[in-house]
Amino acid sequence: MLTAGPKGTNDILPGEIEKWHYLEEVIREICRQYGYSEIRTPVFEHTELFLRGVGDTTDVVEKEMYTFIDKGKRSISLRPEQTASVVRSYVEHKIYAQPQPTKVYYLGPMFRYANVQAGRYRQFHQFGVEVLGSYDPVVDAEVITMAMEFYHRIGLHGMELHINSVGCKECRPVHRQRLLEFLNPKEKKLCHLCRSRLAKNPMRILDCKEEQCQELSRGAPATADCLCEKCASHFAMVRKYLDDVGIQYNVNDRLVRGLDYYTNTAFEIMVSDIGAQSSIGGGGRYDGLIEEVGGPPTPGIGYALGLERIIAAMERQGLEFAKDRTFDVFVAALGEKAREQAFKLVLDFRRAGLVAEMDLMGRSLKAQMKFADRFNSGFTLILGDEELAKGVIVVRNMAAGEQTEIPLGGILDYLTKQKRRNSST
RNA sequence: GUGGCUGUAGUCAAGCGGUUAAGACACAGGAUUGUGGCUCCUGCAUGCGUGGGUUCAAAUCCCAUCAGCCACCCCA
């Protein structure tokens, strides 16, 4: 249909875009302070990157990718997330040869072919950060802290931070083995999905929402109990750092992130009031990913949040983030001569840094006044034949309902002074 | 991929087989000559998501399709 965008996409219109600008400002500011530089990567990549980088058994890759064959017969996919792209770029440009760690952030659209519901779209936007090149648990703590700090800055409340450690490639198989020993005897009672998970990725069973499966997996060996010494102390340090700065968290040994590449620290932030999709961000460490994509063995950790969900949560919590459109000055002109003068005046005002507007609809004076009022114009200037003849202009202070005449030549000076006075009080 | 609900102007909607498709808000114009916010008046869907079908007659019934909302799976 010609007059409807594709399913799961959204136009961000005037009135709405201001919210995005606000969030983007907060994001850029916090990233500057934390020492993250922006990275921009293409919105599409070779499909293979996501197969390797996200994992070919994940839902995201298995059933949600926008994949197509381009005219050069290459398989291309729109990015379902950006970590894989960042890692690819890191390897491609040999950024590991520079002083480490590499700290980058990104902000942009992602694409997943999933059915639409509250807080889920086919094109959605993520802000994310990645730190590449350091194993140090202080980095894990920094990333988590930064995420929480961001939520606080925009005024969000009621977040829950869940953290877990899923171990490294040494201790993961140990956990897997213990888990299989625990679950295999119960196989017949698991839901059919979990039965297939048993072979592919038994850890996911812990994450199953089926009551029956939850019941069955109660008492299952937790990842935290199977961690090797190194991973255990890493996780302990991450928690210690978080404790030190007073960040509250839940150690949730059922938290298993959906993407295959996570190792050690995994975390997720939820907020209850945006419908069934309560996750407003998540991330974790991925110490094997860079190697997987063809780089040198390099650790990494990242985090991403969904802007649509952030906005939904903010709206639900009644938070303010957008100022309404207002004019410093509106020029109401009557007659062609006055309009020509108004056109010049508005240019002068704008050059002086004022938000200035004039009538663009050929409206009556009354209607122009009404329009100026609608947009909370600070001053409305009235210019007609009488004023032109006298070389003056009427300046009306809209809030006070008072007006005076000012010589035309002095009007810019008058307005800039008024503006300065207002902003200093 | 699966299931439920919905689809009438910019927005919220009434209408539930039969003359010109309520109402409210918004928007636009006006209430004596050049002045906003309140009030009052006027205007604003040849059209009821789209395409078929049933019928003398459909926004109203049926089918398909598209979209929205919600939920499952999964995730942001």
Side-chain angles (χ1 to χ4, degrees), chain A residues 1-10 13 15 54-55 57-64 79-83 107-128 147 191-194 196-197 201 204 207-210 213 255-259 268-271 274-283 302-313 327 330 332-335 338 359 361-388 394-403:
Chain A
M1 208 207 196
L2 226 51
T3 53
K7 192 186 184 82
T9 65
N10 291 106
L13 303 176
V54 179
T57 62
T58 58
D59 272 30
V60 168
V61 167
E62 239 173 15
K63 46 184 237 200
E64 295 179 357
R79 63 184 183 201
E81 55 107 53
Q82 208 169 330
T83 300
L107 184 61
M110 307 296 157
F111 307 85
R112 290 185 200 174
Y113 191 90
N115 249 339
V116 171
Q117 75 184 82
R120 173 149 59 210
Y121 307 99
R122 290 184 174 176
Q123 173 171 335
F124 61 101
H125 297 78
Q126 285 189 330
F127 153 57
C191 72
H192 81 280
L193 217 87
C194 279
S196 68
R197 283 174 176 145
N201 195 347
R204 291 281 187 79
D207 219 22
C208 185
K209 269 90 189 170
E210 290 288 328
C213 299
L255 174 66
V256 181
R257 306 271 318 156
L259 310 181
E268 185 159 351
I269 295 98
M270 331 255 225
V271 73
I274 51 170
Q277 306 307 321
S278 57
S279 172
I280 52 167
Y303 161 76
L305 64 79
L307 291 176
E308 281 83 358
R309 287 188 188 174
I310 294 292
I311 289 173
F327 308 144
F330 180 87
L334 291 155
D359 174 56
M361 296 293 287
R363 283 190 245 245
S364 69
L365 177 63
K366 180 191 180 74
Q368 292 188 50
M369 296 298 295
K370 209 167 178 175
F371 187 81
D373 185 55
R374 263 302 314 274
F375 289 94
N376 286 311
S377 188
F379 292 93
T380 298
L381 309 188
I382 299 165
L383 190 63
D385 292 338
E386 285 173 29
E387 288 77 14
L388 281 177
V394 171
V395 183
R396 184 174 179 84
N397 181 323
M398 295 298 273
E402 290 161 359
Q403 63 189 47

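These numbers come from a predicted model, not from an experiment. Heavy-atom basis, side chains included; hydrogens, waters and symmetry copies ignored. Letters A, B, ... mirror the listed sequences (proteins, then strands); counts begin at 1.
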(message) Please report the distance separating the C1' of rG7(B) from the corresponding atom of rC48(B), rounded so that it comes out in whole Å.
(response) 10 Å

(message) Using a 4.0 Å heavy-atom cut-off, does Ile280(A) contact any base of the nucleic acid, only the sugar-phosphate backbone, or nothing at all?
(response) sugar-phosphate

(request) Write down the distance between OH (Tyr121(A)) and P (rC70(B)), rounded to a whole number of angstrom. (result) 7 Å

(message) Using whole Å, what does the distance between atom P of nucleotide rA28(B) and atom CD of Gln368(A) come to?
(response) 13 Å

(message) Using the P atom as the point on both nucleotides, what is the distance between rC62(B) and rU6(B), in whole Å?
(response) 12 Å

(message) So, OP1 or OP2 of rA71(B): does either fall under 4.0 Å of a side-chain N or O from Gln117(A)?
(response) yes

(request) Write down the distance separating the P atoms in rC16(B) and rA71(B), rounded off to the nearest Å. (result) 32 Å

(message) Using a distance-only criterion (donor-acceptor N/O pair, under 3.5 Å, no hydrogens), is the base of rA28(B) paired with the side chain of Arg363(A)?
(response) no

(request) Report the distance from atom NZ of Lys7(A) to atom C1' of rC70(B), rounded to the nearest whole Å. (result) 12 Å

(request) Send over the distance from Leu107(A) CG to rA76(B) P, rounded to a whole Å. (result) 16 Å

Just the atom pairs and distances: protein N or O near nucleotides 2-12 of chain B's N or O, under 3.5 Å.
residue: rU2(B); atom: O4; partner: Asn115(A); partner atom: ND2; Å: 2.4

(request) For rU55(B) versus rU50(B), give the span between their P atoms, rounded off to a whole number of Å. (result) 23 Å

(request) Round to a whole Å and report the spacing from CD of Glu64(A) to P of rC72(B). (result) 14 Å

(request) Summarise how protein sits on nucleotides 30-38 of chain B as a single string, 5' to 3': B when a protein heavy atom is under 4.0 Å from the base, S for sugar-phosphate-only contact, - for no contact. (result) SB--BBBB-

(request) Starting at atom CD of Gln126(A), determine the distance to atom P of rA76(B), rounded to an integer number of angstrom. (result) 6 Å

(message) Using the ring-ring contact (aromatic ring centres under 6.0 Å, His included) criterion, which residues pair with Phe127(A)? Sequence neighbours excluded.
(response) Phe150(A)

(message) If I take atom CD in residue Glu308(A) and atom C1' in nucleotide rC69(B), what distance separates them, rounded to the nearest angstrom?
(response) 17 Å

(message) What I'd like to find out is whether the side chain of Phe124(A) reaches to under 4.5 Å of the side chain of Arg112(A), using heavy atoms alone.
(response) yes

(request) Take atom P in rG29(B) and the same atom in rA22(B), then report the distance between them in whole Å. (result) 24 Å

